[in-house]
Amino acid sequence: MAVTGRLGLLALLAAPVVGFLLPSWAGIGLAAAVLLLLVVLDLLLAGSVRRLEFARSGATSVRLGEACEVTLTAANPGGRPVRAWLRDAWPPSAGADDRHRLTLPPGERRVVTTRLLPTRRGDRIAARVTVRSTGPLGLAARQGSHDVPWTVRVLPPFHSRKHLPSRLARLQQLDGRNAVLIRGQGTEFDSLREYVIGDDVRSIDWRASARASDVMVRTWRPERDRHVVLVLDTGRVSAGRVGDAPRLDAAMDAALLLAVLAARAGDRVDLLAYDRQVHAAVQGSTELLPALVNAMAPLESSLVETDARGMVAEVLRRTRRRALVVLLTGLDAAPLEEGLFPVLSKLTSRHQLMIASVADPRVAEMAAGRGDAEAVYDAAAAERVLAERRQVTARLARHGVEVVDAVPEELPPRLADRYLALKAAGRL
């Protein structure tokens with residue numbers, strides 16, 4: 001009924017115009033002429049798109065794999081209602097549900113919510129807001145776009161967080177907060193207690209035993225306030241994909257677990273991301289985890305060979321006192337031979353170096369294949385790769401370098417375990 005009434009009203013308004021223009025429309029059907037005029041009038045009656053005003057609010061960061069919402073407030077200062085379809089455009093990797101139906105009376109505001117489910121790390125920047133305003137008959141529409149800037153930073157997901165409770169429990173044992181107390185070379189004296197069977201006799205305090213009625217032993221705890229420097233290699237070797245993610249993402253996950261664990265152990269943790277220049281750096285942050293994930297979020301691998309000499313020089317410049325330097329890079333023989341090995345002694349002479357590398361589980365699967373001739377050739381190639389990695393690991397070990405080589409799921413806990421072993425041995 002409403003549409004019929006509008007058509008009748010528009011036809012009544014259009015009649016004088018049609019009568020005036022009818023001679024020139026002699027070759028055109030009257031119905032087509034009326035329809036064309038109705039389309040023009042519908043377009044003129046459509047609400048203005050350019051006069052609309054927009055503002056954003058909502059999430060500014062989200063972890064990869066989680067959803068968030070960004071709200072868009074639209075205001076209509078004009079005198080006509082706006083009946084429109086609105087598209088809040090984002091990059092495809094933002095995973096935006098971006099199409100909305102909008103009815104906006106004159107002088108009022110409406111809020112639409114866009115849900116994002118990002119599929120990649122980094123900054124997802126909103127594109128333009130496009131509005132298509134239809135007339136009262138739905139025969140024609142006006143369309144326009146507005147720039148309404150907004151950025152959502154997609155943070156690393158930190159999947160290895162699930163390993164943190166068990167490692168913190170072990171750290172508490174090392175730190176003497178549980179019943180188990182250990183003695184390690186170069187550790188700090190904690191307290192005295194009575195000797196029990198199984199204690200290291202070197203821990204007996206003879207002077208305290210002479211004053212007491214029983215044999216007393218010293219308990220020790222690992223030294224605190226050590227320095228841990230995490231170095232992410234963002235060069236070519238970090239760009240290779242293992243499973244569904246690049247090696248760089250797996251290295252980040254391992255670095256986050258180690259960083260949180262070391263911070264809870266009372267150590268200072270710094271981060272450096274480098275290939276041929278510094279791409280991210282975090283030093284002495286009091287809010288360590290937020291600082292790390294924000295620094296890591298926009299990092300991308302560069303398809304260049306890493307300048308190992310420049311990386312070592314940057315680490316030495318930033319780290320004056322002895323530290324544990326954890327370099328997350330590859331174990332490919334050629335890049336290490338040309339890059340790291342020539343400058344390795346400069347780093348190991350001043351710091352304890354640990355190298356963590358992401359291994360491809362597909363290589364181990366290929367090495368076990370024997371189904372046909374092609375599988376045998378693949379197995380031979382895989383065995384050669386594994387042998388080269390073992391040779392590189394052995395060579396690094398001769399230089400006093402700790403090496404952790406594991407598949408993405410196992411790298412974070414194994415790296416944390418190696419850190420705890422160094423802590424227990426008093427080597428930090």
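From a predicted model like this one, the values you see are computed outputs, not experimental measurements.
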**Q.** Worked verdict on Arg170 versus Asp417 for salt bridge (charged side-chain N to carboxylate O under 4.0 Å, His left out)
**A.** CA-CA 9 Å; Arg170 292 178 57 186; Asp417 290 342; 2.9 Å; yes
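- Between Arg87 and Val129 the shortest side-chain heavy-atom distance does not fall below 4.5 Å.
- With rounding to the nearest 0.5 Å, the separation of CG in Leu420 from CD in Gln173 is 10.0 Å.
- Nearest heavy atoms, Met366 versus Ala382: CB-CB, 3.9 Å.
- The shortest heavy-atom contact between His279 and Ser302 is NE2-OG, 4.2 Å.
- Although no hydrogens or angles enter the test, the distance criterion places no donor-acceptor pair under 3.5 Å between the side chain of Arg109 and the main chain of Thr73.
- For the pair Asp332 (side chain) and Pro335 (backbone), a donor-acceptor distance under 3.5 Å is absent.
- Between the CH2 atom in Trp85 and the CZ atom in Arg132 there is a gap of 11.0 Å [rounded to 0.5 Å].
- Although no hydrogens or angles enter the test, the distance criterion places no donor-acceptor pair under 3.5 Å between the side chain of Arg80 and the main chain of Pro105.
- The CG atom of Leu72 lies 5.5 Å from the CG atom of Asp88; values are rounded to the nearest 0.5 Å.
- With respect to Asp270 and Arg318, no salt bridge is recorded, no charged nitrogen being found less than 4.0 Å from a carboxylate O.
- Neither side chain, Asp275 nor Thr306, offers a donor N or O lying under 3.5 Å from an acceptor on the other.
- Salt-bridge check for Glu314 with Arg317: passed, with a basic side-chain N closer than 4.0 Å to an acidic carboxylate O.
- Classification of Glu388 and Arg390 as a salt-bridged pair fails, no side-chain N sitting under 4.0 Å from a carboxylate O.
- Rounded to the nearest 0.5 angstrom, Arg226 CZ and Arg268 CZ are separated by 13.0 Å.
- Considering CD of Glu66 and OG of Ser61, their distance stands at 10.0 Å, rounded to 0.5 Å.
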Pairs under 3.5 angstrom only: tabulate donor-acceptor contacts from the side chains of residues 341-348 to other protein residues two or more places apart or in another chain.
residue : atom : partner : partner atom : Å
Thr348  : OG1  : Leu344  : O            : 3.1

**Q.** Derivation and outcome, salt bridge (charged side-chain N to carboxylate O under 4.0 Å, His left out), residues Glu365 and Arg362
**A.** CA-CA 5 Å; Glu365 293 175 7; Arg362 178 61 181 151; 3.4 Å; yes
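- A donor-acceptor pair is defined here as one N or O able to donate and one able to accept, closer than 3.5 Å; no such pair exists between the side chain of Ser93 and the backbone of Thr119.
- When all heavy atoms are compared, the tightest approach of Tyr419 to Met354 is N-CE, 4.3 Å.
- No side-chain heavy atom of Leu415 sits less than 4.5 Å from a side-chain heavy atom of Pro412.
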Q.
Under the criterion side chain to side chain contact (heavy atoms under 4.5 Å, CB included), I'd like the reasoning laid out for Val325 against Thr319: C-alpha separation, chi angles, the key distance, then a yes or no.
A. CA-CA 9 Å; Val325 177; Thr319 311; 5.6 Å; no
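- Within a 6.0 Å sphere centred on CZ of Arg384, other residues, nucleotides and ligands contribute 12 heavy atoms or fewer.
- Residues Leu171 and Arg264 have side chains in contact (heavy-atom distance under 4.5 Å, counting atoms from C-beta outward).
- Ion pairing between a basic and an acidic side chain is recognised when a charged N comes within 4.0 Å of a carboxylate O; Asp360 and Arg241 show no such pairing.
- Residue pairs meeting the salt bridge (charged side-chain N to carboxylate O under 4.0 Å, His left out) criterion with at least one partner in residues 300-313, sequence neighbours excluded, are Arg120-Glu300, Arg236-Glu305.
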Q: Give the intermediate values and the outcome of side chain to side chain contact (heavy atoms under 4.5 Å, CB included) for residues Leu327 and Leu353.
A: CA-CA 7 Å; Leu327 174 58; Leu353 177 62; 4.3 Å; yes
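- Annotation: side chain of Ser133 is not in contact with side chain of Ser48 (no heavy-atom distance under 4.5 Å).
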Q: Just do the side chain to side chain contact (heavy atoms under 4.5 Å, CB included) check on Leu289 and Leu256 with the steps written out, would you?
A: CA-CA 8 Å; Leu289 186 58; Leu256 287 173; 4.0 Å; yes
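- In this model, a donor atom of one side chain and an acceptor atom of the other lie less than 3.5 Å apart for Ser57 and Thr71.
- Side chain of His351 to backbone of Ala323: a donor-acceptor contact under 3.5 angstrom is found.
- Between Ile355 and Leu396, the closest side-chain pair of non-hydrogen atoms falls below 4.5 Å.
- Counting heavy atoms of neighbouring residues, nucleotides and ligands inside a 6.0 Å radius, atom CZ of Arg276 exceeds 12 of them.
- Within the 4.5 Å cutoff, no side-chain heavy atoms of Asn76 are placed close to those of Arg51.
- Ion pair Glu409/Arg414 not flagged as a salt bridge, since none of the NZ, NE, NH1 or NH2 atoms sits closer than 4.0 Å to an Asp/Glu carboxylate oxygen.
- Taking both residues in full, the closest heavy atoms of Val152 and Ala59 are given as CG2-O, 3.5 Å, listed atom of the first, atom of the second, then distance.
- Not a single donor-acceptor pair under 3.5 Å links the side chain of Thr130 to the backbone N or O of Ser145.
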Q. Do Thr114 and Asp98 pass the side chain to side chain donor-acceptor pair (under 3.5 Å) test, and can you show the C-alpha distance, the side-chain angles, and the key distance before you say yes or no?
A. CA-CA 6 Å; Thr114 300; Asp98 57 1; over 6 Å; no
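- Under 3.5 Å, the side chains of Ser238 and Asp233 contain no donor-acceptor pair of N or O atoms.
- For the residue pair Gly235 and Ser301, the shortest heavy atom distance occurs at O-CB, 4.1 Å.
- Minimum heavy-atom separation, Ala308 to Leu340: CB-N, 3.7 Å.
- Under 4.0 Å is where a charged nitrogen must lie from a carboxylate oxygen, and between Lys423 and Asp267 at least one such pair does.
- His163 contributes no side-chain N or O that, together with a main-chain N or O of Glu410, makes up a donor-acceptor pair within less than 3.5 Å.
- For Arg153 and Asp123, the salt-bridge test passes: some basic side-chain N is under 4.0 Å from an acidic carboxylate O.
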(Q) Run Arg115 and Asp97 through salt bridge (charged side-chain N to carboxylate O under 4.0 Å, His left out) and show every step you take. (A) CA-CA 5 Å; Arg115 185 176 184 270; Asp97 181 13; over 6 Å; no
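- Atoms CG and CZ, from Leu86 and Arg101 in turn, are 11.0 Å apart once rounded to the nearest 0.5 Å.
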Q: Apply side chain to side chain contact (heavy atoms under 4.5 Å, CB included) to Leu324 and Leu422, showing your working.
A: CA-CA 10 Å; Leu324 171 64; Leu422 292 176; 4.1 Å; yes
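- In this structure, Ser160 contributes its side chain and Ala254 its backbone to no donor-acceptor pair below 3.5 Å.
- The salt bridge (charged side-chain N to carboxylate O under 4.0 Å, His left out) contacts involving residues 278-296 comprise nothing, where partners must be two or more places apart or lie in separate chains.
- Side chain to side chain, Arg247 and Ser357 fail the donor-acceptor criterion of an N or O pair below 3.5 Å.
- A heavy-atom distance below 4.5 Å is not found between the side chains of Leu64 and Phe158.
- In this structure, the side chains of Met296 and Leu232 come closer than 4.5 Å at one or more pairs of heavy atoms.
- At most 12 non-hydrogen atoms from other residues, nucleotides or ligands lie less than 6.0 angstrom from CG of Asp244.
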